[in-house]
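Okay, so here's the structure we're looking at.
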Amino acid sequence: MHQKNRIRFLARALFLLLAALLIFTLAACRRGSDLPLSPGLSMIEGVPVHDDNVAMRTDHFTVTPGMMAFFFYDYGGELMTVMEEYKPFDQSRSLHDQIYRDDLSWYDVMMNETLAKVSEMLIYCEAAMANGVELTSAQLTVIEEELSSIAMSAATYYGKTVDAYLQGLYGPLMSGDALREVLKLELLATTYSVTVNKQLEQGITERDINDYVAAEGLSDRTLSRNIAYIAVPYAGGKADDSKVGEVLTALQGAPESATFDRFSSSGAVGAEAHMTPDNTGVAEIKSWLFAAERQIGDYGRVEVGDYTYVLLYTGNGMNYAQVSARMSLYNIAFAKWRNGWVETLTFGYNYDVIDSYDIT
């Protein structure tokens, strides 16, 4: 399971909680439909595709059936663990045959989440291509090193090839080649999303924020909080206390964000500003940052999935009313940006493939 979390962490945002996933097998089927076979599926309007090697595509990017298996059993499997907190699932029956809510099957809910995330990923990739952004040689090297690490672990601990190992996790259509393409798409999308985020945020002025606060009558003047951090991966399934201890000791002498840069080889270094209890998505980080006794300059550690986050409370940002206004203005700007791409691109779907995944 630690290996799966390494795969997922490679191209995902640092504050995404790396939850353990269920293990599925693929139930393949082929039908000649031009329409979604499950009436509960929701997707961006598109055209039917009748190529068995395609699950979904846009103008320049293709998601194969194996890649879609990864996305479904990854994104959908993560969602399923949350769904089961509210409603039990009968393991002896199909995802398609059990209603979860509002006439939507378990499959509908899981695949709709998957399609939404894959669609957004492809939009970022198309936008990156249109603006001449490609993965760097260093990024491609990281992907190859990760695949080599997975292959070595599969052989050493399970006596399997990388393809056989991945098929045990994501179904018989999965392979090392499919994972390579998954990671390339995700990393390109993640990389370009940072550019889009900065561009949209830069378009929101202080006057825009204050005008929105006044227009909406927002009044909470509590100050948000800023943090710097390093995410140190576990070693051998346990927290790497040696490396974490080095960071904590360094912070004791120099409690400032620049201290983390000295340890960039030990984990992913970053910073987040204008954090509130509402926009801090990881419970462990939220509990630490907004503890009643927390003071600027405090530092500490929290365990999140297979990573230790060493955190430093660096100062305060905008007040909660301004944060709320900025978030709303960003959402409006992002929707406009996204919808522009949706109108420009042609989405294609192989409905037979999309409707074929299940657990057995």
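Surrounding CD of Glu85 are more than 12 heavy atoms belonging to other residues, nucleotides or ligands, all under 6.0 Å away. Glu256 CD: more than 12 foreign heavy atoms inside a 6.0 Å radius.
When atom types are taken as modelled, the side chain of Asn131 and the backbone of Ala127 share a donor-acceptor pair closer than 3.5 angstrom. The backbone N or O of Thr276 sits nowhere less than 3.5 Å from a side-chain atom of Lys286 that would complete a donor-acceptor pair. For the pair Thr81 (side chain) and Glu78 (backbone), a donor-acceptor distance under 3.5 Å is present.
In the hydrophobic cluster analysis, where Ile, Leu, Val, Met, Phe, Trp and Tyr join through side-chain heavy atoms closer than 4.5 angstrom, Phe290 is grouped together with Val302. Hydrophobic cluster membership differs between Leu179 and Met152, with clusters built from Ile, Leu, Val, Met, Phe, Trp and Tyr side chains linked at under 4.5 angstrom. In the hydrophobic clustering of ILVMFWY residues, with side-chain heavy atoms under 4.5 Å counting as a link, Phe89 and Leu79 come out together. Hydrophobic clustering of Ile, Leu, Val, Met, Phe, Trp and Tyr side chains at less than 4.5 Å, counting indirect connections, unites Trp106 with Val82. Criterion: ILVMFWY side-chain heavy atoms under 4.5 Å apart, direct or through other members. Under it, Ile99 and Tyr86 are not part of a common hydrophobic cluster.
A donor and an acceptor atom, one from each side chain of Asp358 and Ser94, are located under 3.5 Å apart. For the residue pair Asn316 / Tyr313, a side-chain donor-acceptor distance below 3.5 Å is found, with atom types taken as modelled. When only modelled atom types and interatomic distance are considered, Thr161 and Asp163 share no side-chain donor-acceptor pair under 3.5 Å. Neither side chain, Gln295 nor Asp298, offers a donor N or O lying under 3.5 Å from an acceptor on the other. Inspection of the Thr205 and Asp208 side chains reveals an N or O donor paired with an N or O acceptor under 3.5 Å. Using modelled atom types, one finds no donor on one side chain facing an acceptor on the other under 3.5 Å when comparing Ser105 with Gln98. The closest side-chain donor-acceptor pair between Asp90 and Ser92 falls under 3.5 angstrom. With hydrogens and angles left out, the side-chain atoms of Asp108 and Ser38 include a donor and acceptor closer than 3.5 Å. Tyr309 and Glu303 share no side-chain donor-acceptor pair at under 3.5 Å.
Rounding to the nearest 0.5 Å gives a distance of 13.0 Å between CD of Glu284 and CG of Leu289. Here His274 contributes atom NE2 and Ile227 contributes atom CD1; the two are 13.0 Å apart, rounded to the nearest 0.5 Å. Rounding to the nearest 0.5 Å gives a distance of 4.0 Å between NZ of Lys184 and CD of Glu181. Remark: Ser257 OG to Leu251 CG distance equals 10.0 Å, nearest 0.5 Å. Note that CD1 of Ile332 and CG of Leu200 are 12.0 Å apart. Values are rounded to the nearest 0.5 Å. For the atom pair Ser193 OG and Glu120 CD, the distance stands at 8.5 Å (nearest 0.5 Å).
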Hey, mind stepping through Tyr212 and Arg207 against side-chain contact (heavy atoms from CB on, under 4.5 Å) and telling me if it holds? CA-CA 8 Å; Tyr212 191 95; Arg207 179 173 180 176; over 6 Å; no

Carefully, step by step, assess Tyr229 and Leu312 under the rule side-chain contact (heavy atoms from CB on, under 4.5 Å). CA-CA 6 Å; Tyr229 64 85; Leu312 172 68; over 6 Å; no

Could you please spell out the steps behind the salt bridge (Lys or Arg N to Asp or Glu O under 4.0 Å) verdict for Asp241 and Arg301? CA-CA 10 Å; Asp241 290 330; Arg301 62 182 285 175; 3.0 Å; yes

Could you go through Thr58 and Leu122, starting from their C-alpha distance and side-chain angles, then the distance that decides it, and tell me whether this counts as side-chain contact (heavy atoms from CB on, under 4.5 Å)? CA-CA 7 Å; Thr58 51; Leu122 293 176; 4.0 Å; yes

Before you tell me yes or no, could you show the steps for Thr308 and Tyr234 under side-chain contact (heavy atoms from CB on, under 4.5 Å), namely the whole-Å CA-CA distance, both residues' side-chain angles and the distance that decides it to 0.1 Å? CA-CA 7 Å; Thr308 300; Tyr234 277 21; 3.5 Å; yes

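Val232 is not listed as a side-chain neighbour of Tyr307, based on a closest heavy-atom distance of 4.5 Å or more. Counting only heavy atoms from C-beta outward, the side chains of Asn350 and Met56 never approach each other to under 4.5 Å. Under the 4.5 Å side-chain criterion, counting only non-hydrogen atoms from C-beta, Arg338 is in contact with Ile123. The closest side-chain heavy-atom distance from Asp261 to Val269 is below 4.5 Å. With a 4.5 Å cut-off on side-chain heavy atoms, Glu45 and Phe347 do not count as touching. Looking at heavy atoms from C-beta onward, Tyr192 lies out of side-chain contact with Glu126 at the 4.5 angstrom threshold.
Among all heavy-atom pairs drawn from Val63 and Met68, the shortest one is CG1-N, 3.7 Å. Across Met111 and Ile354, no two heavy atoms sit closer than the pair CE-O, 3.3 Å. Residues Arg262 and Ala250 come closest through the heavy atom pair NH2-CB, 3.9 Å. Nearest heavy-atom pair across Arg326 and Met318 is CD-CE, 3.0 Å. Here the closest heavy-atom approach between residue Pro65 and residue Asp52 is recorded as CG-O, 3.3 Å. When all heavy atoms are compared, the tightest approach of Val133 to Leu188 is O-CD1, 3.8 Å.
A cation-pi arrangement is present between Lys117 and Tyr75 under the rule of less than 6.0 angstrom and at most 45 degrees off the ring axis.
None of Asp102, Thr114, Leu104 except one satisfies the side chain to side chain contact (heavy atoms under 4.5 Å, CB included) rule with Val109; the exception is Leu104.
The ring of Phe72 has its center closer than 6.0 angstrom to the ring center of Tyr107. A distance of 6.0 Å or more separates the ring centres of Tyr170 and Tyr73. Aromatic ring centroids of Tyr124 and Trp337 lie under 6.0 Å apart.
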